[in-house]
Protein chains: 2
Amino acid sequence: MTRAYDSSGKRTELIRAAKHLFYRQGYRTTTLDNVAQEAAVPLGNVHYYFQTKQSLAEAVIASHAETLQNTYARWEQQNDDPRLRLGRLVTAPLDSVESVIRSGCPHGSLCQELGKLEDSPLAAHASQLLALSIDWAQKQFQRMGADERQSRERAEELVAAVQGTMFLAHTLRSPQLLATQLNRIKKRLDEETLNSVEGVKADE
Amino acid sequence: MTRAYDSSGKRTELIRAAKHLFYRQGYRTTTLDNVAQEAAVPLGNVHYYFQTKQSLAEAVIASHAETLQNTYARWEQQNDDPRLRLGRLVTAPLDSVESVIRSGCPHGSLCQELGKLEDSPLAAHASQLLALSIDWAQKQFQRMGADERQSRERAEELVAAVQGTMFLAHTLRSPQLLATQLNRIKKRLDEETLNSVEGVKADE
DNA sequence: GTCTATAAATTGATAGAC
DNA sequence: GTCTATCAATTTATAGAC
């Protein structure tokens, strides 16, 4: 790095373009030329900002992580009740049905693809996106009074259900499935957490 | 095709090798040379059996579908009770924990990768593997007395949960997660289907 | 049918002018 | 810092001898 920040905005633009294309087409399918064109930057220039395609992917993963953390921070500000927060985690994919149907979960599909590149550190990096979501969900269950193990298992269960639903809806290209199943998950979540309202308020 | 069957067994062997490598490394990462070496067949010979890499992938998908159908047929023979049949669907991944942790679900991960190749018929072909499982699960729920819509939604929910669990366990490389969450799914399945035993026996 | 050698195309990465 | 031109490696696919 020879610069303190991205003065021209090209670096940021390259990350945005790569993020978009990796999501739509996958990491392997997307060429650096594709990214360069999408970002309106000459191909050769890409290597000024990112020495390798892999380092570009790492920047993309970091960008995803930042977005996720911002989202969770916002949800925490907007809702004190951990049940409502978890509800948003479940129904969030409904805010972008079309892209979920077309390309699946932005984080999940990236983990899936990079997870098979064994000789690469990208797999471990990407998996942190999933870990981030589980950890956050676990925190919410803990605020409802669940202990360490209980909260962990419920968080894993919830994230697995949402991920599996997005995957199925994407694979079968069914917006209907996405809506129906996410609502089922949400309904069960609401039912299961009905008796933990007091614990929350006491914790406040 | 100039032959009625695979007399030398090389065609079958190539499919087996490709199936294995696509699962472990992914479709894009696996080269025809990799497949040829794994099958102990010279590279140039691959094109005698499969004109393109895509046609090899189609054969792999067909082989997966055949395996799935055989498995379901066997489960139907071994158990009359649809609840037990569905139980096997849930716990089956525990019979091959290591490969699931290492590479995820053989069908799910294939669907995920091929699903992003838009200009290819492979996506639609692969998605039939998932559809097959959902359809089979739906049949079992129907035999328990559930109507068309109910059985469909419960089948989708079950498959989504199992797929999501395999995906999470694979991404986080956690055999513990796989076992814990699959057992949770099975437990809930058993609880929810407790009151539908009569309906089954009457149907027999 | 089987195999070697190679063509043809793609693509990540680099060199070097400006 | 920016961009053009090009290298080097990979990989799908084909040609043609045996």
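What you see is a predicted model, and the numbers here were worked out from it, not measured in a lab.
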- Query: With sequence neighbours left out, what residues match A:Tyr23 under ring-ring contact (aromatic ring centres under 6.0 Å, His included)?
  - Reply: none
- Does B:Tyr49 have a side-chain nitrogen or oxygen under 4.0 Å from the phosphate oxygens OP1 or OP2 of C:dT2? yes
- Query: Taking the six-membered ring of B:Tyr72 as reference, does the NZ or CZ atom of B:Lys139 fall below 6.0 Å from its centre and within a 45° cone about the axis?
  - Reply: no
- Is there a donor-acceptor contact under 3.5 Å linking the side chains of A:Trp136 and A:Glu76? yes
- Should A:Glu113 and A:Arg28 count as an ion pair when the cut-off is N to O under 4.0 Å? no
- Query: What parts of residues 31-38 of chain B reach DNA chain D, counting only heavy atoms under 4.0 Å away?
  - Reply: B:Thr31, B:Leu32
- A:Pro42, nearest nucleotide to its side chain (from D:dT4, D:dT2, C:dT2): D:dT4
- Message: Nearest whole Å is fine: how far is D:dT11 C1' from B:Gln25 CD?
- Response: 14 Å
- Atom CG of A:Leu21 to atom P of C:dG12: distance rounded to whole Å? 12 Å
- Item | Partners passing ring-ring contact (aromatic ring centres under 6.0 Å, His included) against B:His64 (at least two apart in sequence or in another chain) | B:His107
- Item | Distance in angstrom units between A:Lys53 NZ and C:dG12 C1', rounded | 8 Å
- Query: Nearest-Å distance, CG (B:Asn45) to P (D:dA17)?
  - Reply: 18 Å
- Looking at A:Tyr27, is A:Lys53 sitting on its ring face, NZ or CZ under 6.0 Å from the six-membered ring centre and within 45 degrees of the normal? yes
- Query: B:Leu43 CG to C:dT4 C1': how many Å, rounded?
  - Reply: 10 Å
- Task: Give the rounded distance in Å between these two atoms: NE2 of A:His47 and P of D:dG1.
- Result: 18 Å
- Query: Would one find a side-chain N or O of A:Tyr48 under 4.0 angstrom from OP1 or OP2 of D:dG1?
  - Reply: yes
- Message: Within the 3.5 Å criterion, strictly below it, is a donor on B:Gln150 or B:Gln142 matched to an acceptor on the partner's side chain?
- Response: no
- Message: Nearest whole Å is fine: how far is D:dT11 P from B:Leu56 CG?
- Response: 15 Å
- Message: Distance check needed: C:dA15 P versus A:Gln51 CD, whole Å only.
- Response: 12 Å
